[in-house]
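Quick notes on the structure that follows.
Predicted model only: the values in this text are computed from it and were never measured. Residues: numbered from 1 along the sequence shown. Ligands are counted one by one from 1 in listed order, and the atoms in each one are counted from 1 as well.
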Amino acid sequence: MKYISTRGNVTDIGFIDSVMMGLANDGGLLVPEKIPQIPEEKLQAMSKLSYQELAYEIISYYVDGEIPENDLKDLIQKSYATFRHPEVTPVQKVKDNMFVLELFHGPTFAFKDVALQFLGNLYSYIAKKTGETINILGATSGDTGASAIEGVRGKEGIRICILHPHGRVSKVQELQMTTVNDETVLNLAIKGTFDDGQRIIKEIFADLEFKNKYHLRAINSINFARILAQTVYYFYAYFQVAKETGAKTVNFSVPTGNFGDIFAGFLAKKMGLPVGKLIVATNENNILERFIEEGVYQPGEFHSTYSPSMDIQVASNFERYLYYLLGENPKAVSDLMKQFKTEGKIVVGEELLGQVKEDYAAYGVSGKECLQTIKSYYGESGYLLDPHTSCGVAAFEQRNHTGEVCVTLSTAHPAKFNESIALCDIEQEYPEQIHQLFDRPQYLEVVEADNEEISQKLEEHFRSTSVSI
Ligand SMILES: *Cc1c(COP(=O)(O)O)cnc(C)c1O
């Protein structure tokens, strides 16, 4: 298995090199040169596996022998041993034809743990093998930061710096990131939005001299390994739900920000999993909804919403989808991305838009609807949705065709977003792990959303902290 860039100027690199490269050196995103096809009989056999066994089968296609079998099995076991549920990502039936896939049983109570526990262990494994220190740089809308820090803290050979938008993350998200007292962890709270943070790290990663000098590595979903780890639960959920309902195809409604999680579903479908519609659920930051409805991809006005982890205008992984939409033509992708840079928008014609609508449905959920959905589901079934999951459920209500079976991805535990839950007049009890955070001191620095200042902070961090391998 080889990896190539969506823009065509990186080709023929292996799995570990693709993990280490993160953002492709030509500014594009890495994708597998050929998506493996899983035959029907193999799917049958996979449907009986445990989560960890299934993860091994799927991830092996992409690692393609670069990590010895036992080491890879070990990495997977270790990564999911920190989850509080024996099934890792259990499925709950919440109403007729609608199941919630609970992705929040990991250490930081959000779905990011599924991929970042694995990526953290993988980085540590690579650091030990190569003897090279790994410096992780990431931007977060709240959950990735907490999860990445949890995934690497205390591991040998790794330092980490996370940029989060100052004052725009939930209290619990902020506490999870900033209460870690470890000199290898640097939290920078930037005066700006997540889009500013994402743009800055993309620019820093594009400065190849800086990137190479400090061995900078990515943990955002620009890293293909994250997408890969996330395809596993689409398979797992499909198998559980198909068994229970007898459905042949299953739709998925996915709360979406950076298009990473839903792209993992697209990949699962391309591998041969009988996925029906992929429903893109957004909040008022609805660039993706507008693209899927009208074929115009253009950032709009930024909104702070009840679902802050989806307050994103420019969806990083969208370029991966474009690559497949345009028939795996890197020249066409480069042209469109150039157009996006100069004109601030991408427009696709009728024919392509038809294809987009085959692949996806979309619904942008208003703040009011988000809270209403939390209230009504809590009232009717006693099931408490977090505000992101609530967007997924509201989109299911609007876009799933009657009679079709749908899985809504639950991307976070409601305790992470009590600000929104309290507005629904619902009182919840924090799990003990979250409760404890409130008494701890916080470690963070507030900085301008400025590349220069942030690069300097990074250099200081790398110089002043030592790590052992
Ligand atoms: C990150 C996140 C999302 C969005 O996921 P993408 O992969 O960026 O689309 C949705 N919900 C929660 C709770 C998140 O943390």
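Here is the list of ligand 1 atoms found below 4.0 Å of a heavy atom in T256: 9 (O). Atom numbering of ligand 1 starts at 1 in the shown order; those under 4.0 Å from a heavy atom of G260 are 6 (P), 7 (O), 9 (O). Atoms of ligand 1 found under 4.0 Å from any heavy atom of P255 (numbered from 1 in listed order, with element): 4 (C), 10 (C). Close contacts of ligand 1 with D143, meaning ligand atoms under 4.0 Å from a residue heavy atom, involve 12 (C), 13 (C), 14 (C), 15 (O). Using a 4.0 Å cut-off to heavy atoms of A412, the atoms of ligand 1 that qualify are 13 (C).
Contact between S221 and ligand 1 is absent, with no heavy atom of the residue lying under 4.0 Å from the ligand. For the pair F263 and ligand 1, no heavy-atom separation below 4.0 Å is found.
With respect to E174 and K171, a salt bridge is recorded, a charged nitrogen being found less than 4.0 Å from a carboxylate O. Residues D425 and K375 are not paired through a salt bridge, judged by the lack of any N-O separation under 4.0 Å between the basic side chain and the carboxylate. At a threshold of 4.0 Å, the pair E319-R7 counts as salt-bridged, since one of the basic side-chain nitrogens sits closer than that to a carboxylate oxygen. Classification of K457 and E445 as a salt-bridged pair holds, one side-chain N sitting under 4.0 Å from a carboxylate O.
In summary, the side chains of S79 and N121 do present a donor paired with an acceptor at a separation below 3.5 Å, with no hydrogens or angles considered. Q173 and D143 form a side-chain donor-acceptor contact under 3.5 Å, judged by distance and modelled atom types alone. Side-chain contact check for N220 and K202: no donor-acceptor pair (N or O, by modelled atom type) lies under 3.5 Å.
Counting only non-hydrogen atoms, the option in K416, K112, H388 that gets closest to atom 14 (C) of ligand 1 is K112. Of the listed options A281, C391, G257, G257 places a heavy atom closest to atom 9 (O) of ligand 1.
Atom 12 (C) of ligand 1 has as its closest protein heavy atom T411 OG1, 3.4 Å. When hydrogens are left out, the protein atom nearest atom 6 (P) of ligand 1 is N258 N, 3.5 Å; that is the closest non-hydrogen contact. Looking at atom 7 (O) of ligand 1, its nearest protein heavy atom turns out to be D261 N, 2.9 Å. The protein heavy-atom contact nearest to atom 5 (O) of ligand 1 is F111 CZ, 3.5 Å.
Geometrically, R84 engages F109 in a cation-pi contact, judged by NZ or CZ lying under 6.0 Å from the ring centre and within 45° of the ring axis.
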**Q.** side chain to side chain contact (heavy atoms under 4.5 Å, CB included) between I204 and L458, worked out
**A.** CA-CA 11 Å; I204 293 178; L458 278 174; 4.2 Å; yes
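Polar contact with ligand 1: present for F259 (N/O pair, distance under 3.5 Å).
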